[in-house]
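Below is one structure, written out as structure tokens; the observations come after it.
Values in this document were obtained by computation on a predicted structure and should not be read as measured data.
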Amino acid sequence: QAQLVESGGGLVQAGGSLRLSCAASGRTLSSYAMGWFRQAPGKEREFVAAISWSGGRTRYVDSVKGRFTTSRDNAKNTVYLQMNSLKPEDTAVYYCAASLSRFGSGEIGEYDDWGQGTQVTVSS
């Protein structure tokens, strides 16, 4: 089981940027596809982005395409989510998650290990 720890969240004005990191211990992340999800108050947890185990394939929810980029550094056992042009509707707790699939999907049930989450707040 991989232990995942997110960092990099915070308060930012609309139009600003943040980079989230997800560091793993206990397992090498190169064995996992990785996903990013978010949950806003009173809403369901939703898919944001995923990256394949090699980093060669990524996918995004339509609402973040062109603004968010996920990447990974398997040598550092870390996955990143670069978030640009942030909007107030991006405010949520962001989670990273690990899946034993090769490519990663938007399905929450595919992911076995989850981090504790990091708060992102975007002010208007």
Side-chain angles (χ1 to χ4, degrees):
Q1 185 175 7
Q3 279 75 50
L4 306 175
V5 178
E6 302 94 339
S7 61
L11 173 63
V12 64
Q13 287 189 329
S17 298
L18 286 173
R19 188 175 83 154
L20 306 185
S21 299
C22 173
S25 61
R27 290 278 179 94
T28 175
L29 274 189
S30 60
S31 301
Y32 296 83
M34 298 296 295
W36 289 95
F37 293 79
R38 65 186 179 188
Q39 188 165 18
K43 294 189 176 182
E44 300 277 320
R45 190 170 298 190
E46 67 169 353
F47 169 75
V48 176
I51 186 166
S52 63
W53 64 277
S54 68
R57 183 180 298 190
T58 57
R59 65 174 73 201
Y60 301 91
V61 68
D62 286 347
S63 60
V64 308
K65 284 180 180 176
R67 301 188 298 122
F68 290 13
T69 303
T70 187
S71 61
R72 65 192 300 158
D73 185 339
N74 286 339
K76 294 183 178 179
N77 231 24
T78 302
V79 179
Y80 305 97
L81 184 67
Q82 178 67 43
M83 306 186 295
N84 299 328
S85 302
L86 282 161
K87 304 175 181 180
E89 51 263 43
D90 294 319
T91 295
V93 177
Y94 282 71
Y95 301 88
C96 66
S99 167
L100 283 172
S101 72
R102 294 187 67 186
F103 300 117
S105 76
E107 299 298 323
I108 288 178
E110 176 188 307
Y111 294 85
D112 303 301
D113 300 315
W114 292 80
Q116 299 276 1
T118 185
Q119 176 71 47
V120 171
T121 303
V122 184
S123 63
S124 56

| pair Ile51-Phe103: side-chain heavy atoms closer than 4.5 Å | no
| Interatomic spacing from CG in Leu4 to CG in Asp112 - rounded to 0.5 Å | 10.5 Å
| said: Quick check for you: to the nearest 0.5 Å, what is the distance between Ser99 atom OG and Glu107 atom CD? | reply: 11.0 Å
| request: Search all heavy atoms of Ala40 against all heavy atoms of Ala92 and return the closest pair with its distance. | output: N-CB, 3.8 Å
| message | Determine whether a donor-acceptor pair (N or O, by modelled atom type, separation under 3.5 Å) exists between the side chain of Arg59 and the backbone of Val48. | response | no
| note | The side chain to side chain contact (heavy atoms under 4.5 Å, CB included) partners of Arg102 (sequence neighbours excluded) come to Trp53
| Electrostatic pair Asp62:Lys65 at N-O distance under 4.0 angstrom | yes
| said: Could you check whether any side-chain N or O of Ser30 sits under 3.5 Å from a backbone N or O of Asn74, counting only pairs where one atom can act as donor and the other as acceptor? | reply: no
| What's the verdict on side chain to side chain contact (heavy atoms under 4.5 Å, CB included) for Ile108 and Trp114, showing C-alpha distance, side-chain angles and the deciding distance? | CA-CA 10 Å; Ile108 288 178; Trp114 292 80; 3.7 Å; yes
| So, does Tyr111 use its side chain to make a donor-acceptor pair with the main chain of Ser105 at under 3.5 Å? | yes
| said: Consider side chain to side chain contact (heavy atoms under 4.5 Å, CB included). Of Val64, Thr70, Thr118, Val120, which one does Leu81 pass it with? | reply: Thr70
Please set out all donor-acceptor pairs under 3.5 angstrom arising from side-chain atoms of residues 10-26, sequence neighbours excluded.
unit_1	atom_1	unit_2	atom_2	d
Ser17	OG	Asn84	OD1	2.9

| field | Closest heavy-atom pair and its distance - Leu29, Val79 | value | CD1-CG2, 3.7 Å
| query | Distance-only, no hydrogens or angles: does the Gln39 side chain make a donor-acceptor pair with backbone N or O of Val93 under 3.5 Å? | reply | no
| request: Report the C-alpha separation of Tyr95 and Phe37 in whole Å, then their side-chain angles, then the decisive distance to 0.1 Å, and conclude whether the ring pair (Phe, Tyr, Trp, His ring centres under 6.0 Å) test is met. | output: CA-CA 5 Å; Tyr95 301 88; Phe37 293 79; 8.6 Å; no
| field | Separation between OG of Ser63 and CZ of Phe47, rounded to the nearest 0.5 Å | value | 10.0 Å
| message | Test of understanding: clusters of I, L, V, M, F, W, Y form through side-chain heavy atoms closer than 4.5 Å, transitively. Do Met34 and Phe68 belong to the same one? | response | yes
| query | CD/Glu46 to CH2/Trp36 distance, rounded to the nearest 0.5 angstrom? | reply | 14.5 Å
| message | We want to know whether Thr69 and Gln82 form a side-chain donor-acceptor pair, criterion being a heavy-atom distance below 3.5 angstrom. | response | no
| field | Where Gly104 and Glu110 come nearest, the two heavy atoms and their spacing | value | CA-OE2, 3.3 Å
| request: Tell me, please, which residues at least two apart from Glu89 pass side-chain hydrogen bond (donor to acceptor under 3.5 Å, both in side chains). | output: none
| task | Using the six-membered ring of Tyr94, assess whether NZ or CZ of Arg38 lies under 6.0 Å from its centre and within 45 degrees of the ring axis. | result | no
| message | Walk me through whether Gln3 and Val5 qualify under side chain to side chain contact (heavy atoms under 4.5 Å, CB included). | response | CA-CA 7 Å; Gln3 279 75 50; Val5 178; 5.7 Å; no
